[in-house]
> 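Have a look at the structure that comes next, please.
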Amino acid sequence: MCGIIGLIKLNESDSAIKDIVNGLRRLEYRGYDSWGYAALNGTNILLEKKIGRISEPSLNGQSAILIGHTRWATHGGVDEANAHPHLDCNGQIAVVHNGIIENYLELRERLIKEGHTFKSQTDSEVVSHLFEKEQGSLFDRAKRIAPLLKGSFSLVVISAAHKDEIVAIKNESPLAIGIADNEIIFASDPLAFIDKTNTTIFLTEGDIAFAKKTNNKISFEFFNYILNKSVDKEQIKLNWNASETNLGDYKHYMLKEIIEQPKVMQDGIDFDSAESLANEMRGKKVIAIACGTARHSAVIGKHIFHKIAKFSLDVMMAHEFVYFVDDLDKNTVILAVSQSGETADVMECVRKAKQRGIKVISIVNVPSSTLARESEKVFYTNCGPEIAVASTKAFSNQILAFYLIAHALQGNLKSQIINIKSVIDLLSQNMSYFDLKAREIAEYLKNKNHVYMLGRGVNFPIALEGALKLKEISYIHAEGMPAGELKHGTLALIEHGTPVILLCPTDYTYYDSISNGLETKARGAYLIGISDKPHPSFNMWVQLPQLDKENEIFYPLIETIPLQLIAYHTAVLLGRDVDKPRNLAKSVTVK
Ligand code: M6R
């Protein structure tokens, strides 16, 4: 987690500090405990660090070389001392870091013995002291320091004694370079500079990038410390639209991203990628790995694959799968599912699997992500940037990808697309109604401490996802469960007025689900039915449009949306920070 940024401009300007903070704002989704920046100003380093969300910078001064950081705390509490940038003993070198330096304790002890004074508890501060200790240009120092570091890190470093230089090192944590007119930007995500340029270089493991102002131009060089040689890097043009990140008239990104789902689903239909992934899967043992919401979509995918193509898909949480990866046989294909394509738990499995010669294919949203670049074949969900921490539109398009791949496996993709499109149309027609009902339900839920969501078959992972959304942004405890499991223990928690949301479209699970709902009702539950059919036991009912028997497997594309809206409106009523819930970050780049 954490977002880092570095900037080198050809000419000093008064607005450079504002520029770095604006770039940082676009990375705030990566962590928002605290933030800070350092700017070279003559022979000084101007430094400001603050706790909480990014606000206006309070320092002024001309600068052409700056770094910035937005933090999600790992080592050391949330305070100004632990916020980045970190300086060396003399305040001459400033460093920002994303990732974890695993051997920092040993390096720190050695540096302290040598007389260095540390001001923070972070793993990152060792880097500024290591740069202080070395001699030569920032490039030379970086080449000697990078091999000493273990773990995941992207780093950007500046020095008051090197007033025309900036250096960056990348290992495992992402780092991109944006090449704009008269300035070069280093950032954890191109989102930070996409308003300035779409010409990008992605650094890969072991890369050191060095930029220097000479003869009225900025030149750069690359060295890979793992290969121990200079390398050339390819510049690519990102096909991104900066306006996609605008909030428009919406109050929150989450609401914007929920409402735009029917359009985004249309954009997510991709026959070629579905066929291509299906070709990689036929005759193989396929294991989907993912975390959080992406894993819920994969569990839905398991049901979809079974129902549509009689294809068995295993699904595992990436952070648990890592303990199995050493024993995989070569007939296995890993299907990694991720919105960001940067989740550390997923990437660890991907790398370990690849080392064993296992093929990795993926369903990813961010086209420039590490996962996309390291996968053999990719299905891009094509949602555009998802800014809210709570994933919504990426989830829907991941499910869509599973439908398309399942039909490709079954060999009837083209003939099924009309059905999928008509379901998307139905969703579009029902969006305002879902929003209205969600507001009513949120009024009931806002004062509750516990909410249960139940479903069977393909509806069970939707219950998991609905519960995750609710707890993530409203901070109300919510549990998603297979409805059949309730009587094996959890039923003991149901008492008068306990909200139970029952996902019971009239599909193959309907009658059993209703029975389980009635069991809760008999114990006092307040039953909220999500179904195309009314039932006398429902205290509240969200009416789904009815799908034909042959299309009942598509209910997930519709029934998730009321749950997303219920979570959203409950969080709003409780005054929560909807787009940036406490303790979380959008992209989880630590293990
Ligand atoms: O970027 P990814 O899809 O790999 O992220 C995985 C999870 O961290 C993510 O889905 C998380 O659970 C969401 N915040 C849930 O809304």
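Just so you know, ligand 1 is whichever comes first in the structure, and atom 1 is the first atom listed for that ligand.
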> According to the salt bridge (Lys or Arg N to Asp or Glu O under 4.0 Å) rule, which pairs have a member within residues 376-385, sequence neighbours left out?
E280-K377, K359-E376
> Going by the rule ring-ring contact (aromatic ring centres under 6.0 Å, His included), which residues pair with Y444 if we only count those two or more places apart in sequence or in a different chain?
Y526
> Sort out the contact shell of ligand 1: every protein residue with a heavy-atom distance below 4.0 Å, listed by chain and number.
C291, G292, T293, A294, S338, Q339, S340, T343, V389, A390, S391, L468, K469, E472, V588
> Between S297 and A294 (side chain of the first, backbone of the second, donor and acceptor by atom type, cut-off under 3.5 Å), is there such a pair?
yes
> Is it true that a side-chain atom of E465 and a backbone atom of T560 form a donor plus acceptor pair closer than 3.5 Å?
no
> For atom CE of M317, decide whether the heavy atoms of other residues, nucleotides or ligands shown that lie under 6.0 angstrom number more than 12.
no
> Name all pairs fulfilling the salt bridge (Lys or Arg N to Asp or Glu O under 4.0 Å) condition that reach into residues 366-375, sequence neighbours left out, sorted by first residue then second.
R351-E374
